[in-house]
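Remarks on the structure that follows.
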Amino acid sequence: YQPYNAGIYFDYLDLLRFFQKDLRNPHYVCPSDLKQAHDKYVAKKRKHDAEMEVKRKIEKALKDKEIFEELKSKFFGIQFSKGNILVKVIDTIEDYVKEGTELNHCIFTNSYYSKEDTLCLSALVDGKRTETVEISLNNFEIIQCRGYRNQNSEYHNQIISLVNQNIHLIQAKCT
């Protein structure tokens, strides 16, 4: 076997070693298309690294759980609804993770749970996470309201209206 590029080949072998592949097996060490095999394992390693970064952030967030609860616990349990729309305070770090994952936005990645002067709520339609609402605890206005991939859902205006109608429930916990 003669690889066309020794650098790529050695990188590929490092990737195989990382994923604990049998380096004595010709299937792995002598790929018919080195570039394709290399790129496959590079993509796999990137995915692995991204997953490890999320796990690291979750572990850090869970260590910050006491701070989170100190900042936000007075709002836990607040919820309101109209028709098939339910809006509730996000009251666990695990729910921040789920919110960010399901709606594919940065609520967890950017540590919104640790912001002292904002509160995040989850808007569910028929029980499905639909949008995330961030409220300022300084002026009790909506800072942002984002759905899947930071886009507005078809319920966006209804959610904003419902939050504004019930903002007094949040204000009452701050006095």
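The basis for the numbers below is simple: all heavy atoms, side chains too, and nothing from hydrogens, waters or symmetry mates. Counting begins at 1 with the first residue of the sequence.
Taking the ring centre of Phe19 as origin, the terminal cationic atom of Lys45 falls outside the region bounded by 6.0 Å and 45° from the ring axis.
Contact between Tyr112 and Cys120 at its shortest, heavy atoms only, is CB-SG, 4.0 Å. Of all non-hydrogen atoms in Glu154 and Gln158, the two that sit nearest each other are O-OE1, 4.2 Å. Taking every heavy atom of both residues into account, Asn152 and Cys145 meet most closely at OD1-O, 3.7 Å. Taking every heavy atom of both residues into account, Ser153 and Ile159 meet most closely at OG-CD1, 4.3 Å.
Placement of Phe80 and Ile135 within a single hydrophobic cluster is found when ILVMFWY residues are connected by side-chain heavy-atom separations under 4.5 Å, directly or transitively. Under the 4.5 Å side-chain contact rule for hydrophobic residues, Leu16 and Tyr4 share a cluster. Two different hydrophobic clusters hold Val163 and Ile143 under the rule that ILVMFWY side chains link at heavy-atom gaps under 4.5 Å. Clustering ILVMFWY residues whenever any of their side-chain heavy atoms sit less than 4.5 angstrom apart, transitively, puts Leu137 in the very cluster that holds Val133. Both Ile93 and Ile58 are part of a single hydrophobic cluster, where members link through side-chain heavy atoms under 4.5 Å apart.
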Problem set entry | Worked check of side chain to side chain contact (heavy atoms under 4.5 Å, CB included) between Val87 and Gln79 | CA-CA 6 Å; Val87 178; Gln79 64 179 34; over 6 Å; no

For this session: Could you walk me through whether Asp91 and Lys72 pass the side chain to side chain contact (heavy atoms under 4.5 Å, CB included) test, one step at a time?
Result: CA-CA 8 Å; Asp91 56 9; Lys72 311 295 183 185; over 6 Å; no

For this session: Evaluate the side-chain hydrogen bond (donor to acceptor under 3.5 Å, both in side chains) criterion for residues Asp95 and Thr92: first the C-alpha distance (whole Å), next the side-chain angles of each, then the deciding distance (0.1 Å), finally the verdict.
Result: CA-CA 5 Å; Asp95 281 342; Thr92 67; 3.3 Å; yes

Exercise. What's the verdict on side chain to side chain contact (heavy atoms under 4.5 Å, CB included) for His156 and Gln151, showing C-alpha distance, side-chain angles and the deciding distance?
Worked result: CA-CA 9 Å; His156 181 75; Gln151 301 297 309; over 6 Å; no

For this session: Test side chain to side chain contact (heavy atoms under 4.5 Å, CB included) on Leu119 and Glu134 and set out the steps.
Result: CA-CA 6 Å; Leu119 182 66; Glu134 181 186 18; over 6 Å; no

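Between His168 and Phe140, the ring center distance fails the sub-6.0 Å criterion.
Tyr148 is not listed as a side-chain neighbour of Arg129, based on a closest heavy-atom distance of 4.5 Å or more. Between Ile78 and Lys88 the shortest side-chain heavy-atom distance does not fall below 4.5 Å. Counting heavy atoms from C-beta outward, Lys35 and Ile8 have side chains that stay 4.5 Å or more apart. You'll find the side chain of Leu23 reaches within 4.5 Å of the side chain of Arg17, heavy atoms only. By the 4.5 Å heavy-atom criterion applied to side chains, Leu169 and Asn166 are counted as neighbours. Taking 4.5 Å as the limit, every side-chain heavy atom of Arg149 sits out of range of all side-chain heavy atoms of Leu103. Two residues are said to be in side-chain contact when any heavy atoms from C-beta on lie closer than 4.5 Å; Ile107 and Ile90 meet this criterion. Between Thr132 and Leu121 there is no side-chain heavy-atom pair separated by less than 4.5 Å.
With hydrogens and angles ignored, the 3.5 Å screen pairs a side-chain donor or acceptor of Thr101 with a backbone N or O of Val97.
Using a 4.0 Å cut-off between charged nitrogen and carboxylate oxygen, Arg146 and Glu131 do not count as a salt-bridge pair. Comment: Lys128 does not engage Asp126 in a salt bridge, judged by the lack of any side-chain N to carboxylate O separation of less than 4.0 angstrom. A salt bridge does not link Lys57 with Asp64: every distance from a Lys NZ or Arg NE/NH1/NH2 to an Asp or Glu carboxylate oxygen is 4.0 Å or more. With salt bridges taken as basic N to acidic carboxylate O contacts below 4.0 Å, none links Arg46 and Asp49. Ion pairing of Arg56 with Glu53 is present here, as a side-chain N (NZ or NE/NH1/NH2) and a carboxylate O approach within less than 4.0 Å.
Atoms NZ and CD, from Lys98 and Glu94 in turn, are 7.5 Å apart once rounded to the nearest 0.5 Å. Residue Lys82 holds its NZ atom at 6.0 Å from OG of Ser161, rounded to the nearest 0.5 Å. Between atom CD1 of residue Ile85 and atom OG1 of residue Thr130 there is a gap of 8.0 Å, rounded to the nearest 0.5 Å. Rounding to the nearest 0.5 Å gives a distance of 7.0 Å between CD of Glu99 and CG of Leu124. Taken from NZ in Lys44 to NE2 in His48, the straight-line distance is 10.0 Å, to the nearest 0.5 Å. In this structure, CG in Asp22 is found 10.5 Å from NE2 in His27, a value given to the nearest 0.5 Å.
Within a 6.0 Å radius of NZ in Lys115, more than 12 heavy atoms belonging to other residues, nucleotides or ligands are found.
Apart from Ile67 itself, the hydrophobic cluster it occupies contains Leu71, where clustering links Ile, Leu, Val, Met, Phe, Trp and Tyr at side-chain heavy-atom distances under 4.5 Å.
Under the 30°/60° scheme for interplanar angles, the aromatic rings of Tyr1 and Tyr9 are found to be tilted. Taking the six-membered ring where tryptophan is involved, the planes of Tyr113 and Tyr96 are perpendicular, since the angle between them exceeds 60° and thus also 30°. Relative orientation of the Phe76 and Phe68 rings is tilted, given thresholds of 30° and 60° on the angle between their planes.
For Phe10, the side chain to side chain contact (heavy atoms under 4.5 Å, CB included) test picks out Ala6, Leu13, with sequence neighbours left out.
Side-chain atoms of Glu141 and Ser136 include no donor-acceptor pair closer than 3.5 Å.
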